[in-house]
There are 2 protein chains.
Amino acid sequence: MRNLLEIQKQLLPDLMETLKRRYTILHQIMLSDIIGRRTLAASLNMTERTLRAETDLLKSQGLIEIDSVGMRISDAGRSLLDLLEPIAKSLFGLDDLEEKIRSTYGLSKVIVVPGDCETSPFTKRELGRAGAKALLGVLRSDDTIAVTGGSTLAEMADQLTPPLPLSYKDAWFVPARGGLGESMEIQANTIASTMAKRVGAQYRLLHVPDLLGEDAYQSLAQDSNTREIVQIIRRSRIIVHGIGDAIEMTRRRKLDEATVLEIQEEGAVAESFGYYFNEDGQVVHTMLTMGLRLEDIIRTEVVVGIAGGKRKSKAIHAMLRFGQEDILVTDEAAAVEIGREIDEHVQLVH
Amino acid sequence: MRNLLEIQKQLLPDLMETLKRRYTILHQIMLSDIIGRRTLAASLNMTERTLRAETDLLKSQGLIEIDSVGMRISDAGRSLLDLLEPIAKSLFGLDDLEEKIRSTYGLSKVIVVPGDCETSPFTKRELGRAGAKALLGVLRSDDTIAVTGGSTLAEMADQLTPPLPLSYKDAWFVPARGGLGESMEIQANTIASTMAKRVGAQYRLLHVPDLLGEDAYQSLAQDSNTREIVQIIRRSRIIVHGIGDAIEMTRRRKLDEATVLEIQEEGAVAESFGYYFNEDGQVVHTMLTMGLRLEDIIRTEVVVGIAGGKRKSKAIHAMLRFGQEDILVTDEAAAVEIGREIDEHVQLVH
DNA sequence: TTTGTCATGGTCTTAAAATGTCCCGGGCTA
DNA sequence: TAGCCCGGGACATTTTAAGACCATGACAAA
């Protein structure tokens, strides 16, 4: 059943919105027993006219009855509400989750896509699409955007379709970090170039490994080409980054056993742009990288974090506590978990 | 899954239409491998501009890819089509059925609502709603409408909500037949008055029993009041009638055993406005009633038949063969059965 | 190489729908 | 009886959809 909704959403993007609006109106009418148009409009924050269009429709569908004393729900409307309840729950549940997370950590926007991207490639794609949409929502025509690597970011790049009117030919996409691991598709360089091409923007590449020894760092820091692009990266107005599980990242980086143990003992749960964070969002381990430094991130105007799946919920939560995120894009599985942890924390405090 | 669609349809009446349109477009694009806007518009009977609005949406949803050589379906679009196939089947199946029945019997309109009104009260309500809508589609402001009794007609009366702009205050609703059985709600008189009230029209009542002996008929025929209303009934431009199973009707009418047997032996399967019809749509038995005569029905401009349920499919089919129906409103259960019989007949002919 | 065809995407105008706003007469309640 | 809120009508205004064309570019056939 849930599945059908997901399918429909693709062909009718504003289905959910309309469904929710009408459900809310019908629900409110039911709760009010009998209510007038103006009163209802006020309590739903709608204008009289738009509400009227909706109630006319509800009436023509036989879901409400209207007479001179006001509107009331019909039997058909009542039974429809019953049937709709489980759907509405999931419809609104995500909104509530978004708002809870948003307000708890003072973000400007939280987007939760339904599903679990660990188990469903569809959800992963949705996550990418939501991320793309969020980025386009803040993107200006002359921005510089730094992006990290990872499979989620790669999906986002694929799903990036700019709305027709705007031109981004003066925008720059740059990788936020160097090369990491073997897979080409999920390199920050690849993603920066894909995104740039998709929106018709410029891009620069950073040709260094993500993890550097002291010597290598020093010598690369001398390279004028590298220095120039690093300058650009650090001046980005927008950062889009994946959030990694700390342990998993140590493996992907192929760190030596000793370092892995060290990082574990420091209580790291999350990794992003070369920094390891513990559960409280504090930086507990720093890798020597060429890309963004902590101070750059703090200074950056818009930080967009994208990650989903229950396994990453702890990592995502840690990044939220770090406090530099502005926009979070995640999936239901992770968001539910984070919501639960927020609740538990509230209980502890009281 | 099917259920959810039914629920949504109540809050989003044109959901199906939109879904079908977009599905058709996407499907056509898939079949065409690659195709241009104008060509596609021509093959789908759409104007270029409206198609463009749709394809822009499909593109923004990532379901198709557009470049300078034309449009082609994307992987996401392809997998969506796969998922949508079973839904589309049921979506279009009813359309095909409607058209098949319509063209076979030369009706002007056939409406098939999904489901089986024998098992689902929802479907019965849908049937009523569809009937109401069909009536409003042909109703003029100064019409006379004759309606029979029955539970389906009663449901239709309840679901009759006129669109706001038109006034029907010069229209007249009259019962097509007299009183029958005990239940008040399903009397033709009740239904005529309910319908009239719901659309703001006038009504007249016919105060005679449905089934008359010769003596009673003669004496009532003398009554000036009765004669006047019968005149009105026989001049109706529109008839809305239920279709009954012959055997069931003999019971409801509480006919004596001998007559029941007689009617059965005559091969009657359907009953409507006091006439019994065999499988070929021929009148095999006539009851002496005060209401409509066969010649009135033949002369009537718009005859709307409403009935659903598998058990009534034979009766409905008989009425179609009778050849006086203009609009048929039925449910999926009956329509599927009728469709099957049409196919069998075609095979017999060949 | 040229030429014709078909593609997309832009633009302008027109038509239609949605919306904001106000008002009227009618019940209901105090 | 007075006042209040009701639905529904009316209307100006804004927004959106649709129709009609055109510019430009890719591609294939001649």
What residues form a side chain to side chain donor-acceptor pair (under 3.5 Å) with [X], not counting sequence neighbours?
X: Asp67(B); value: Arg72(B)
X: Arg49(B); value: none
X: Lys20(A); value: Asp95(A)
X: Arg52(A); value: none

For this session: Apply salt bridge (charged side-chain N to carboxylate O under 4.0 Å, His left out) to Glu301(A) and Arg140(A), showing your working.
Result: CA-CA 12 Å; Glu301(A) 221 173 305; Arg140(A) 300 184 196 151; 3.7 Å; yes
Problem set entry | Worked check of side chain to side chain contact (heavy atoms under 4.5 Å, CB included) between Ile186(B) and Leu153(B) | CA-CA 7 Å; Ile186(B) 64 169; Leu153(B) 269 285; over 6 Å; no
Exercise. Going through the checks in order, is the side chain to side chain contact (heavy atoms under 4.5 Å, CB included) test met by Leu160(A) and Leu136(A)?
Worked result: CA-CA 8 Å; Leu160(A) 199 61; Leu136(A) 289 172; 4.1 Å; yes
Exercise. Going by number, which of residues 25-39 of chain B have a non-hydrogen atom under 4.0 Å from DNA chain C?
Worked result: Ile35(B), Gly36(B), Arg37(B), Arg38(B), Thr39(B)
For this session: Return the residues of residues 62-72 of chain B meeting this criterion: a heavy atom under 4.0 Å from some atom of DNA chain D. Order them by number, or give none.
Result: Ser68(B), Val69(B)
Seminar exercise, completed: Applying salt bridge (charged side-chain N to carboxylate O under 4.0 Å, His left out) to Arg125(B) and not counting sequence neighbours gives none
Problem set entry | Pairs satisfying salt bridge (charged side-chain N to carboxylate O under 4.0 Å, His left out), at least one member in residues 191-204 of chain A, at least two apart | Arg204(A)-Glu228(A)
Exercise. Whole-Å distance between dC6(D) C1' and Lys59(A) NZ?
Worked result: 13 Å
Exercise. Between Asp14(B) (CG) and dA17(C) (C1'), how many Å, whole number?
Worked result: 14 Å
Exercise. Under 3.5 Å, is there a donor-acceptor pair between the side chain of Ser74(A) and the main chain of Gly77(A)?
Worked result: yes
Can you tabulate the close N/O pairs, meaning under 3.5 Å, that link protein atoms to atoms of nucleotides 11-20 of chain D?
residue: dG19(D); atom: OP2; partner: Thr47(B); partner atom: OG1; Å: 2.6

For this session: Mind checking side chain to side chain contact (heavy atoms under 4.5 Å, CB included) for Leu12(B) and listing every partner two or more places apart, or none if nothing turns up?
Result: Leu15(A), Thr18(A), Leu19(A), Arg22(A), Leu15(B)
For this session: Specify the closest pair of heavy atoms between Met71(A) and Ile29(A), including all atoms of both residues, with the distance to one decimal.
Result: O-CG2, 4.0 Å
Problem set entry | Residues in ring-ring contact (aromatic ring centres under 6.0 Å, His included) contact with Phe122(B), at least two apart in sequence or another chain | none
Problem set entry | Secondary structure of DNA chain D in dot-bracket form (Watson-Crick or G-U wobble, distances below 3.5 Å, | marking inter-strand pairs) | ||||||||||||||||||||||||||||||
